[in-house]
Amino acid sequence: MFRLKTSAAFDSAHFLKGYCGKCANLHGHRWVIEVEAGAEHLQQTGEKRGMVIDFGDLKAAVRALADAYDHAMIYENGSLKSATLAALQDEGFRLIAVPFRPTAENFARAFYEQLSADGVPVLRVTVFETPENCASYEV
């Protein structure tokens, strides 16, 4: 098995509605997305002969994913009152609604699924909330 790894980071805020602890409050992270791609065999023909995937393509896909979430407030659909949402939008804040609780575990799965759908041969996605704490997803 051949394996490649790259990463990209983004800064954003989130909170966990219904959680009994500090993470129920709005707070920020320097999230790091670490992606491992791989294949049993290298490409045999063409420009990418001898590669699993071009590192440039892999890095661009992971960077685009990180850029999509950078400097935003990420929240779970339905977790904010409509008046709160309206006030934040009126202030011009960048808001991103996700259909899951915004945990490192759920981000790892969502990023894995998105990269896979984009044709990246993903083996594992690890999402770091802090330098010491991360969650991984692989199938």
Side-chain angles (χ1 to χ4, degrees):
M1 172 66 75
F2 295 95
R3 296 173 187 267
L4 306 177
K5 192 185 294 186
T6 193
S7 63
F10 65 97
D11 299 299
S12 70
H14 76 143
F15 65 95
L16 302 179
K17 184 174 177 78
Y19 181 76
C20 295
K22 292 192 292 185
C23 292
N25 293 306
L26 183 63
H27 63 285
H29 290 288
R30 173 107 177 129
W31 303 87
V32 176
I33 309 167
E34 184 178 271
V35 175
E36 189 172 340
E40 287 290 332
H41 304 284
L42 301 177
Q43 295 184 42
Q44 296 298 308
T45 60
E47 173 185 346
K48 297 178 183 169
R49 184 170 51 89
M51 299 178 186
V52 170
I53 182 176
D54 186 300
F55 262 116
D57 294 340
L58 179 60
K59 288 170 28 178
V62 177
R63 180 77 258 153
L65 193 55
D67 287 348
Y69 289 88
D70 193 37
H71 283 79
M73 186 179 109
I74 302 166
Y75 67 96
E76 181 178 10
N77 279 328
S79 64
L80 290 172
K81 295 177 181 177
S82 58
T84 303
L85 256 174
L88 291 169
Q89 290 167 335
D90 188 49
E91 292 291 340
F93 288 111
R94 185 163 182 258
L95 307 172
I96 298 175
V98 293
F100 51 81
R101 196 176 209 193
T103 61
E105 296 91 335
N106 282 325
F107 277 125
R109 180 177 54 202
F111 295 159
Y112 182 103
E113 291 171 352
Q114 184 169 345
L115 290 166
S116 292
D118 291 342
V120 176
V122 183
L123 298 175
R124 175 185 302 130
V125 172
T126 300
V127 175
F128 288 82
E129 275 193 352
T130 70
E132 298 84 21
N133 299 313
C134 65
S136 296
Y137 182 80
E138 62 186 281
V139 291

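Put simply, the side chain of Val127 reaches to within 4.5 Å of the side chain of Phe111, judged on heavy atoms. You'll find the side chain of Ser12 stays beyond 4.5 Å of the side chain of Asp70, heavy atoms only. Using a 4.5 Å heavy-atom cutoff, the side chains of Met73 and Arg94 are not in contact. Looking only at side-chain heavy atoms (C-beta outward), Leu42 and Arg49 stay at 4.5 Å or farther from each other.
In this structure, NZ on Lys59 lies 6.5 Å from OG1 on Thr6, to the nearest 0.5 angstrom. Between Glu76 atom CD and Ile96 atom CD1 the span is 15.0 Å, to the nearest 0.5 Å. Atom CD1 of residue Ile33 and atom CZ of residue Arg63 lie 8.0 Å apart, to the nearest 0.5 angstrom. Interatomic distance, CZ of Phe55 versus CG of Leu4, reported as 4.0 Å (0.5 Å rounding). To the nearest 0.5 Å, the span separating CG on Leu80 from CG on Leu85 amounts to 5.0 Å.
The aromatic rings of Tyr69 and Phe10 are tilted relative to each other, their planes meeting at an angle between 30° and 60°.
Residues Val125 and Phe2 fall within the same hydrophobic cluster, defined by Ile, Leu, Val, Met, Phe, Trp and Tyr side chains chained together at heavy-atom separations under 4.5 Å.
When all heavy atoms of Leu26 and Ala13 are compared, the closest pair comes out as CD1-CB, 3.9 Å. For the residue pair Ala66 and Ala9, the shortest heavy atom distance occurs at CB-O, 3.7 Å.
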All N/O donor-acceptor pairs, side-chain side in residues 100-107, below 3.5 Å, sequence neighbours left out:
from   : atom 1 : to     : atom 2 : distance (Å)
Arg101 : NH2    : Lys17  : O      : 3.0
Thr103 : OG1    : Glu105 : OE1    : 3.4
Thr103 : OG1    : Asn106 : N      : 3.1
Thr103 : OG1    : Asn106 : ND2    : 3.3
Asn106 : OD1    : Arg109 : NH2    : 3.0
Asn106 : ND2    : Arg101 : O      : 2.9

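Listed by chain and residue number, Leu65, Asp118 satisfy the side-chain contact (heavy atoms from CB on, under 4.5 Å) test with Gln114 (two or more places apart in sequence, or in another chain). The ring pair (Phe, Tyr, Trp, His ring centres under 6.0 Å) check on His27 picks up His14, His29, with sequence neighbours excluded. For Asp54, the side-chain contact (heavy atoms from CB on, under 4.5 Å) criterion is met by Lys48, Met51, Asp57, not counting sequence neighbours. Every residue meeting the ring pair (Phe, Tyr, Trp, His ring centres under 6.0 Å) condition with Tyr112, not counting sequence neighbours, appears here in chain and number order: Tyr137. Take Ala64 and apply the side-chain contact (heavy atoms from CB on, under 4.5 Å) test, not counting sequence neighbours, and it matches no residue. Partners of Ala97 under the side-chain contact (heavy atoms from CB on, under 4.5 Å) rule, at least two apart in sequence or in another chain, are Tyr75, Asn77.
Under a 4.5 Å side-chain heavy-atom criterion applied to ILVMFWY residues, the cluster that includes Tyr19 comprises Leu16 as well. Clustering of Ile, Leu, Val, Met, Phe, Trp and Tyr side chains at separations under 4.5 Å places Leu123 together with Met1. Taking Ile, Leu, Val, Met, Phe, Trp and Tyr as members and joining any whose side-chain heavy atoms lie under 4.5 Å apart, directly or through other members, the hydrophobic cluster of Phe128 also contains Val32.
Applying the salt bridge (charged side-chain N to carboxylate O under 4.0 Å, His left out) test to pairs two or more places apart or on separate chains, those with a residue in residues 126-139 are Arg124-Glu138. Screening residues 77-92 for salt bridge (charged side-chain N to carboxylate O under 4.0 Å, His left out), with sequence neighbours left out, gives no hits.
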